[in-house]
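Keep in mind that what you see is a predicted model, and the values were worked out from it rather than measured.
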Amino acid sequence: MNKLTVLLSVLLVAAVAVAGYMTYQNRGYLTYQNRALAPEITADESAVLSGQITELEAKNAELSAEIVSAESRHAEQISELEAKNAELSAEIVSAESRHAEQLREDIKGLKQDMSAELSRKDGEIQELRDATTTIQLGSDVVFNLGSTRLSATGQAVLSKVIELIENYPGYSVSLEGHTDNIPIKTVHQNMFPSNWELSAARASAAARFLINQGVDARRLRVVGYGLSRPIATNDSNPGRAQNRRLEIRFSPKPRIRVTE
């Protein structure tokens with residue numbers, strides 16, 4: 001190996017050493033610079049975030065005040081609506097009371113109007129004062145003897161009842177048949193095994209007549225009570241005659257109540 005080659009090798013090694021040293025120094029300088037800049041960036045970001053937080057807190061306070069105000073107005077509106085609802089409810093109750101009283105008066109008028117026909121048949125219309133308003137008709141008045149066929153008087157009375165039904169659409173109408181305690185005769189037992197079937201058949205016959213005259217079937221209810229609800233003794237002919245009856249019961253339709 002000649003001297004020139006040795007010299008070049010020495011210079012190459014020295015150059016590499018110098019380059020390594022400079023790289024190490026530059027890396028240390030950059031690390032120092034980064035460390036110096038990092039606190040400045042964090043402080044700026046912190047200032048920005050603090051400003052945003054303050055702004056959001058102010059908006060939150062404003063919204064909270066608006067919510068409290070809206071809740072207050074809402075409570076006032078609820079109080080006003082509740083007061084109006086109470087007032088309307090009182091008016092409805094008063095109107096229903098007047099309506100029920102008018103129905104009773106109309107039934108009394110029906111009784112007077114039909115008094116001649118009923119007196120000939122020894123029957124009557126009775127108006128009862130209870131939760132509902134009821135017309136009582138003796139079965140001997142409304143039906144032919146031992147039959148579910150309506151008599152001429154029964155048809156005349158039911159025709160008058162149609163006027164009441166049409167004039168009081170807020171009422172449902174129940175047609176209820178009743179009998180005495182005399183068992184059904186053997187000859188009729190194929191059609192009516194017991195007084196239950198007879199009472200139901202007579203109530204159904206009355207309802208069918210009303211429907212054929214144009215009454216809405218959805219307003220009618222048919223019930224047969226048989227001998228289970230006597231209003232007089234069954235130990236005498238007059239008592240049994242009272243128990244043989246058709247009742248036409250007017251009941252106010254239930255109002256829909258809205259509750260929370």
Please name the pair of heavy atoms, one in [X] and one in [Y], separated by the smallest distance, quoted to 0.1 Å.
X: Arg219; Y: Ile165; value: NH1-O, 2.7 Å
X: Val222; Y: Ala200; value: CG1-O, 4.0 Å
X: Trp196; Y: Tyr225; value: CZ3-O, 3.3 Å
X: Gly226; Y: Ser199; value: N-OG, 2.9 Å

Hey, any chance Val215 and Leu158 share a hydrophobic cluster, counting ILVMFWY side chains that come within less than 4.5 Å of each other, even indirectly?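 They do share one cluster, since a chain of ILVMFWY contacts under 4.5 Å joins Val215 to Leu158.
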Does the side chain of His178 come under 3.5 Å of the side chain of Arg245 through a donor N or O and an acceptor N or O?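 The answer is yes; a qualifying pair exists.
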Do any N or O atoms from the side chain of [X] and from the backbone of [Y] form a donor-acceptor pair under 3.5 angstrom?
X: Gln242; Y: Gly239; value: no
X: Arg202; Y: Ser147; value: yes
X: Ser79; Y: Ala75; value: yes
X: Asn243; Y: Ala232; value: yes
X: Asn195; Y: Ile182; value: yes
X: Arg240; Y: Thr233; value: no
X: Ser151; Y: Val142; value: yes

How far does [atom1] of [X] sit from [atom2] of [Y], to the nearest 0.5 angstrom?
X: Gln213; Y: Ile211; atom1: CD; atom2: CD1; answer: 11.0 Å
X: His74; Y: Ser72; atom1: NE2; atom2: OG; answer: 11.5 Å
X: Leu81; Y: Glu76; atom1: CG; atom2: CD; answer: 12.0 Å
X: Lys160; Y: Ile162; atom1: NZ; atom2: CD1; answer: 11.0 Å
X: Leu246; Y: Leu150; atom1: CG; atom2: CG; answer: 8.5 Å
X: Thr179; Y: Arg244; atom1: OG1; atom2: CZ; answer: 9.0 Å

Can you list the other members of the hydrophobic cluster that holds Leu227, where links are side-chain heavy atoms under 4.5 angstrom apart?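 In the cluster with Leu227 there is nothing else; it is isolated.
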Report the hydrophobic cluster partners of Leu198, with the cluster defined as I, L, V, M, F, W, Y residues connected by side-chain heavy atoms closer than 4.5 angstrom, directly or transitively.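 Members alongside Leu198: Ile184, Met191, Phe192.
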Which residues pass the salt bridge (charged side-chain N to carboxylate O under 4.0 Å, His left out) test with Glu176, sequence neighbours left out?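 Testing Glu176 for salt bridge (charged side-chain N to carboxylate O under 4.0 Å, His left out), a comparison that skips the adjacent residues, returns Arg221, Arg249.
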Residue list, salt bridge (charged side-chain N to carboxylate O under 4.0 Å, His left out) with Arg73, at least two apart or on another chain: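 Once residues adjacent in sequence are excluded, Arg73 has no partner under the salt bridge (charged side-chain N to carboxylate O under 4.0 Å, His left out) criterion.
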Side chains of Val223 and Leu175: does their closest heavy-atom pair fall under 4.5 Å?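 Side-chain contact under 4.5 Å: no.
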Do Leu137 and Ile135 come within less than 4.5 Å of each other through their side chains, counting heavy atoms only?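 Side chain of Leu137 against side chain of Ile135, heavy atoms only: contact under 4.5 Å found.
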Where do Val173 and Ile248 land on the side-chain contact (heavy atoms from CB on, under 4.5 Å) test, with the steps shown first? CA-CA 7 Å; Val173 181; Ile248 305 173; 3.6 Å; yes
Which side-chain N or O atoms in residues 49-64 pair as donor and acceptor under 3.5 Å with protein atoms at least two apart or in another chain?
residue, atom, partner, partner atom, Å
Ser50, OG, Ser46, O, 2.8
Thr54, OG1, Ser50, O, 2.9
Ser64, OG, Asn60, O, 2.9

According to side-chain contact (heavy atoms from CB on, under 4.5 Å), who are the partners of Ala205, at least two apart in sequence or on a separate chain?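 Checked Ala205 against side-chain contact (heavy atoms from CB on, under 4.5 Å); matches are Phe143, Arg208.
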Do the rings of Tyr171 and Phe250 sit parallel, tilted or perpendicular, given the 30° and 60° boundaries?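 Aromatic pair Tyr171/Phe250 classed perpendicular.
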